[in-house]
Amino acid sequence: MTLREDLRSLLADASSNASPEHDETLRGLSRKLDGPLHVALAGRIKAGKSTLLNALIGERLAPTDAGECTRIVTWYEHASEYSVSAEADGGRRHELSFHRASDGQLVIDLGGLQPEAVVRLVVGWPSVWLRTMTLIDTPGLDSLSADGAARTMRALAGDRGRRREADAVLYLMRHAHRSDIAFLEAFQGTGTGRGTPVNSIAVLSRADEIGAARLDALESARRIAQRYAADTRLQSLAATVVSVAGLLAETAGTLEEHEADALRVLAREDASTAESLLLSADHFRQPGLGPLTIEIREGLLDRLGLFGVRFALQTFHAGHWMSATELARLLSAHSGLPALREAIEGRFAARSRQLVNRSVLLELSGLSEAGALGVPVVRRLEQLESGAHEFAELAMLDLVLSGGVGFSPAERKEAERVTGPGSPTTRVGSDQGSNATDVRAAAIAGVARWRERAADPLSTRATVLCAETMAHCYEELHATAAG
Amino acid sequence: MAAGVYGRPDLEGTIAIALARIDRPETLIAVIGEFKKGKSSLINALLGADIAPVDDDLATAVTSLYRHGEQPFATVLSTEDGKDNQRTVPLEEALALVREQENPGNARGIRAVEFHISNEFLKTGAVLIDTPGFGGLALSGEGVSQVLLRAVHAVVMVADASMPLSRPELDIIIKAATACPAILLAVSKTDLYPSWRNILADDEATLAAAGLDLPVLPLSSALMGHALRRQDDALAAESGVPALRDSMESLIMETSRAAECLRGLAEARSAIGQISESARHELAALEAPEGAARQAAELEAARANIEHLRGPGSRWSQVLADVLADTSGEADHQFRLALRTLGREIDAALDQMDPGKEWDTLARMVRARVGTAVDTFFEQVETGARQAEHAVLEWLRTSEGLDLTNGGPGTVTALADWAPAPIERPGYSAYAGTLFTGLRGGQGGIFTIGMVAGLAGITLTTAATAGIGLVFGGKQILDERKRQLQARRQAARTHAKQFLDDIQFETNKRVRDFSRDLQRQLRDGFLELVATRQRTYAESLAAVQAAMQQDASARAAAIASLRERLEQLRALEARASELEAAL
């Protein structure tokens, strides 16, 4: 029986003799068990959450005005039909009417509901990207409207009697601000054993705006991301740090031929006109300069930003007169979105079941502590908690990544590799094309190495437990490789 | 100089400073804001040159002062092993210290760096102070010091056009505006964001809603950079930098300059008054020789009358000591109270949290609170000194009929003389310049000794135990986890208590030293004032006695020359009054 099946039967048992209010929670957990991973996008105000969400969906959907626009927690989940609904206080759902503005953004009519009374909006959207994970857009933290910030914390970190909704979080920041650290700490729970860098990725968003949007801004952003990734405080809070130019990524997904045309026209202008246009956002929109109308130029600025326009013109000037598709591909590659997708794939999606299972288990533990579950159920829950190797793996990874055990950087990498996605061959660290015998030998060597590490009398208890888990991982890999 | 001509070299120093003040009054302007908002870029734009280090990633780590000087050099102020240290270094070396990279977490204990550079903008008397931004991960940006805010004439808060003001930003503006009313908000990076006008409007609305009335100015340091390279005035105007300069000029500089001029004029008038007084006595003796003997006796009596004021047991020094003791006692009480309240809050917080996970947050809060308490303590003692000064002046006026208010020791405005003094200060004014430096010194020491070592040194094994219960399950481990949590809480509690004790001990010691220094400086200042006054009496007496010796013909010539001199002095006085009225 898989862990998921165990959990499902446990939930069914718990549900059969639970009080009505807990019954609803348990039902919710059952649904969650079979549903996709819930990934929240969080960050301070104007960190570029909605823009990145659009980039990830590949459509301009979430409103991204310059003001503080996302005031209600909004879920974007896969559905066969387009729909928007609001969940009010008390759990009631209201279907809402909506339309899309000319730029694609959703315009939602709350239909007389007060925004304060809406717990969350749910947007159902047919999108391949939403199949594997539901994305949750959140109001900015430390916004001036304290209410929005509080909602976000509630949605992400949970609250009395309300379960935490996100299994994983993409945390967006422009620079690592102290309040960012404070938020990540809060999301990971406080001293209750939930601390987990495994399910957080820090995103250095708006990478294109670094250094006054100079042409080398993205390289600069990557260097900054690397420095943060090596920062011990962030290391213990996020699995990795990735830099992304959200606006470029968003536009790359939807760039149209007429936009590329306009850019090409601009690129053919003489150097002095182009230079004076690119001085600033205001200059770019100044009337009567160059061949493009103000509306077109404003459109370009809106879609690409000053950096994007500079970047495109530079590409054309280098002799690469690309089509919209080619340009979009180039923008996407430079935006850092592929690296982010890879990180999401490797860190979240590959462990999606584990993360969801763990979320459910954590909620059940919470219910158990609150005394909402019967004794037989609690006993089975404890068995599950202690018996499941996949939790041992996740917990070990948490400890290793957060620096809780004294693993060397090489050992850290090894722990990530062994528990990561991929075939047994890559996970034991053998070359591609190694035969099964080699893989098994490597796995056995791994077991021996980590058993020895676990036997070191000077190791702390945590290190010993983690080393044993590592050995166990290699055992499992050996078993898989042995067929 | 005038005083030299009139035979009063002791007044020369006062006049020199007064002249310097009128000639080139300095305006201290602090540039504050969150980290990576473009504070250093703004300073470069104002200076019209790339001087302050700017980096995509690394932030300014040390408070830096930019001041005019014909010869470029830098002064580095540091605290090592609790001792203040000041040395002069080449510009490049000092620039490296300012950057986070070369001086991570300000490990070198540098308090401030002062750059002297030849620059048109600085020549007007502006002194720009670049501060480490707040909100970053580095320890250096613990927030803007209230003492700094109180010591400067003006504050430029920098936010950027990428987002509306955030809660921490608004908080810092409110705090800064209370400490220094001359404040303006510069919204930077307008070249990057098409909707900067909306952001600007939002910010204005936010400020208005918070009841703050301060100018909000858009700004693009990048455009200014282009403008400088191309020598394009239109572009420069567009960058908003000239408007910012004008705004600083009218809002800040003119008012502060006027204050400085007034102070300079008051000092000058005091000197003129004393010179005129001797001249008038001499003239009276010459014109009416019959009354000269009586006049001489009066002057002798007046001199003798204040002779007792120079004695060590003089009443006014008792007044000084009493007021200082009263105010320090009250300040000390407030400080103890603040620390005790904080101690209780820490205990309460520790009961609710796992110090293993949240120690850093708690430590930061404690640091900030302790910083405020120490700031306040020093401030109250300094206010006490001001009160003591007034009390002594008042006592002298009522009990001794001696009015020294015009051109008194002047501790109050001396606060503005931040960090190393720019002008060589002769005579009694020397102490005024050291006042604030001393204040900083006292605090700097505490921050390096107590804070960093005391709070950052603690590591509580945390994650190690945090996840184990979940992995390996079972009730025992859960219990073990609880026990360990208790142990961590106990360790944190002990540690915090020790830290607060250390702070209290160290601060008390430093405030005592500071208070003693203040008392000594004020005493010396008053003694000097009394001495100057006595010298005026003595000069007058000598003049009267000389006049009595003169024969009729010499007397007529002397009367004519004295009348002329008095006329000159009156003209000077009139001009000073005129200038004063004009301001």
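Convention: sequence-line order gives letters A, B, ...; per-chain numbering from 1.
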Checklist outcome for this item: When rounded to the nearest 0.5 Å, the distance separating CD1 of A:I45 from CG of B:L165 is 8.5 Å
Item to check | Side-chain heavy-atom pair B:P194, A:D302 within 4.5 angstrom cut-off | outcome: no
Item to check | OG-CZ distance between B:S162 and A:R206, expressed to the nearest 0.5 angstrom | outcome: 5.0 Å
Next on the checklist: Please find the pair of heavy atoms, one from A:E209 and one from B:L192, that lie closest to each other, and give the distance.
Outcome noted: O-CD1, 3.6 Å
Next on the checklist: Among residues at least two apart in sequence or on other chains, which ones pass ring pair (Phe, Tyr, Trp, His ring centres under 6.0 Å) with A:H283?
Outcome noted: none
Checklist entry - Residue by residue, which of residues 39-46 of chain B have a heavy atom closer than 4.5 Å to a heavy atom belonging to chain A? => result none
Checklist outcome for this item: Those residues at least two apart in sequence (or on a different chain) that pass side chain to side chain donor-acceptor pair (under 3.5 Å) with A:R379 are none
Checklist entry - Can you list the residues that meet the side chain to side chain donor-acceptor pair (under 3.5 Å) rule with A:R303, with sequence neighbours excluded? => result A:T254, A:E259
Item to check | Stepwise side chain to side chain contact (heavy atoms under 4.5 Å, CB included) test for B:L223 and A:L279 | outcome: CA-CA 7 Å; B:L223 267 191; A:L279 272 176; 3.9 Å; yes
Next on the checklist: Using 0.5 Å steps for rounding, measure from the OG atom of B:S239 to the CG atom of A:D282.
Outcome noted: 12.0 Å
Checklist entry - Hey, what do you get for NE2 (A:H175) to NZ (B:K37), rounding to the nearest 0.5 Å? => result 8.5 Å
Next on the checklist: Taking the basic N atoms (NZ, or NE/NH1/NH2) and the acidic carboxylate oxygens, is any pair closer than 4.0 Å for B:E34 and A:R174?
Outcome noted: no
Item to check | Contact origin within B:E238 toward chain A - heavy atom pairs under 4.5 Å | outcome: side chain
Item to check | Shortest non-hydrogen contact between A:A176 and B:F35, atoms and distance | outcome: O-CZ, 3.3 Å
Item to check | chain B contact via A:L306 - which portion, at a heavy-atom distance below 4.5 Å | outcome: side chain
